Amino acid sequence: MTNTDAVAFFRQKLTMETDAADVHAALASGEPGFVLVDSRDDAAWRQGRIPGAVHLPAAQVAARVHELPAGVPVVTYCWGPGCNGATKAALAFALAGVPVREMIGGIEYWIREGHGVENEHGIVTRPVDQLCGC
């Protein structure tokens with residue numbers, strides 16, 4: 001592999017991925033330019049979700065993609081690095097012609113970075129995990 005190959009690979013990878021810090025900054029701007037989609041199941045959604053996210057489990061994306069605003073990019077997330085639900089949802093959105101990126105680290109790293117999670121009691125924030133290098 002040449003350095004040119006590596007540059008092309010990592011440049012392409014960054015067009016398909018984002019992370020919790022970048023998503024948080026975009027949401028905080030008030031005009032993120034995307035719909036944030038939580039691709040986890042109902043039980044996980046009830047436990048807590050990123051404020052402003054839309055719940056659309058990965059297995060339902062193909063059937064429900066029409067419920068989202070047409071032409072607006074999507075960012076998917078699931079639990080964390082050990083879960084590929086966001087990848088499955090991103091693939092379904094891409095197959096439907098929707099511009100999509102995956103939030104690497106999922107809600108696990110959202111929480112570890114100290115960002116709030118919403119549940120039926122409101123927004124809960126935990127201390128920043130000093131091991132995550134945030």
Side-chain angles (χ1 to χ4, degrees):
M1 177 186 292
T2 68
N3 194 47
T4 302
D5 293 335
V7 168
F9 172 80
F10 289 112
R11 183 174 285 141
Q12 179 65 21
K13 186 174 179 175
L14 287 171
T15 67
M16 300 294 130
E17 296 178 342
T18 188
D19 63 17
D22 290 343
V23 169
H24 183 266
L27 292 174
S29 78
E31 293 189 40
F34 58 83
V35 175
L36 183 61
V37 174
D38 184 322
S39 63
R40 300 172 304 142
D41 65 20
D42 293 340
W45 171 262
R46 284 191 302 274
Q47 287 178 345
R49 60 226 163 244
I50 296 174
V54 172
H55 186 220
L56 188 50
Q60 298 176 19
V61 171
R64 296 180 49 202
V65 68
H66 66 279
E67 296 176 16
L68 300 180
V72 177
V74 168
V75 171
T76 63
Y77 74 88
C78 60
W79 171 246
C83 172
N84 67 2
T87 305
K88 290 175 182 177
L91 175 59
F93 280 115
L95 288 168
V98 177
V100 61
R101 294 173 84 186
E102 180 181 359
M103 186 179 87
I104 59 172
I107 197 169
E108 176 186 353
Y109 276 78
W110 180 270
I111 293 166
R112 291 178 76 181
E113 290 183 17
H115 306 306
V117 175
E118 182 178 21
N119 61 30
E120 71 276 2
H121 303 294
I123 302 208
V124 177
T125 304
R126 295 182 183 174
V128 173
D129 180 346
Q130 298 303 311
L131 296 177
C132 76
C134 310

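Quick note: residue numbers are just sequence positions, from 1. All values below come from the heavy atoms of this structure, side chains included, with hydrogens, waters and symmetry mates left out. Because the structure is a prediction, the values reported are computed rather than measured.
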To the nearest 0.5 Å, what is the distance between [atom1] ([X]) and [atom2] ([Y])?
X    : Y    : atom1 : atom2 : value
K13  : E102 : NZ    : CD    : 10.0 Å
D41  : Q60  : CG    : CD    : 10.0 Å
F10  : D5   : CZ    : CG    : 11.0 Å
F93  : R101 : CZ    : CZ    : 15.0 Å
F9   : T4   : CZ    : OG1   : 15.0 Å
N119 : Q47  : CG    : CD    : 9.5 Å

If you compare all heavy atoms of [X] against all heavy atoms of [Y], which two are closest, and at what distance to 0.1 Å?
X    : Y    : value
V128 : G114 : CG2-CA, 4.0 Å
C78  : S39  : CB-OG, 3.6 Å
C132 : E113 : SG-CG, 4.2 Å
P73  : G33  : CD-O, 3.5 Å
A26  : F34  : CB-CE2, 3.5 Å
R49  : E120 : NH2-N, 4.5 Å

Evaluate the side-chain proximity of [Y] to [X]: yes if any heavy-atom separation is below 4.5 Å, no if none is.
X    : Y    : answer
V23  : I50  : no
P81  : E108 : yes
W45  : P57  : no
D42  : H55  : yes
M103 : D22  : no

Subject >> Crowding at CZ, R126 (>12 non-hydrogen neighbours, <6.0 Å) >> reply: no
Original post:
Hey, is CD on E67 packed in by over 12 heavy atoms from elsewhere, all under 6.0 Å?
Top reply: yes
Between [X] and [Y], is there a shared hydrophobic cluster once you connect ILVMFWY residues whose side-chain heavy atoms come closer than 4.5 Å?
X   : Y    : value
V35 : L27  : no
L56 : Y77  : no
M16 : V100 : no
V61 : V98  : yes
V54 : I107 : no

Subject >> Side-chain donor or acceptor of T76 paired with backbone N/O of A86 under 3.5 Å >> reply: yes
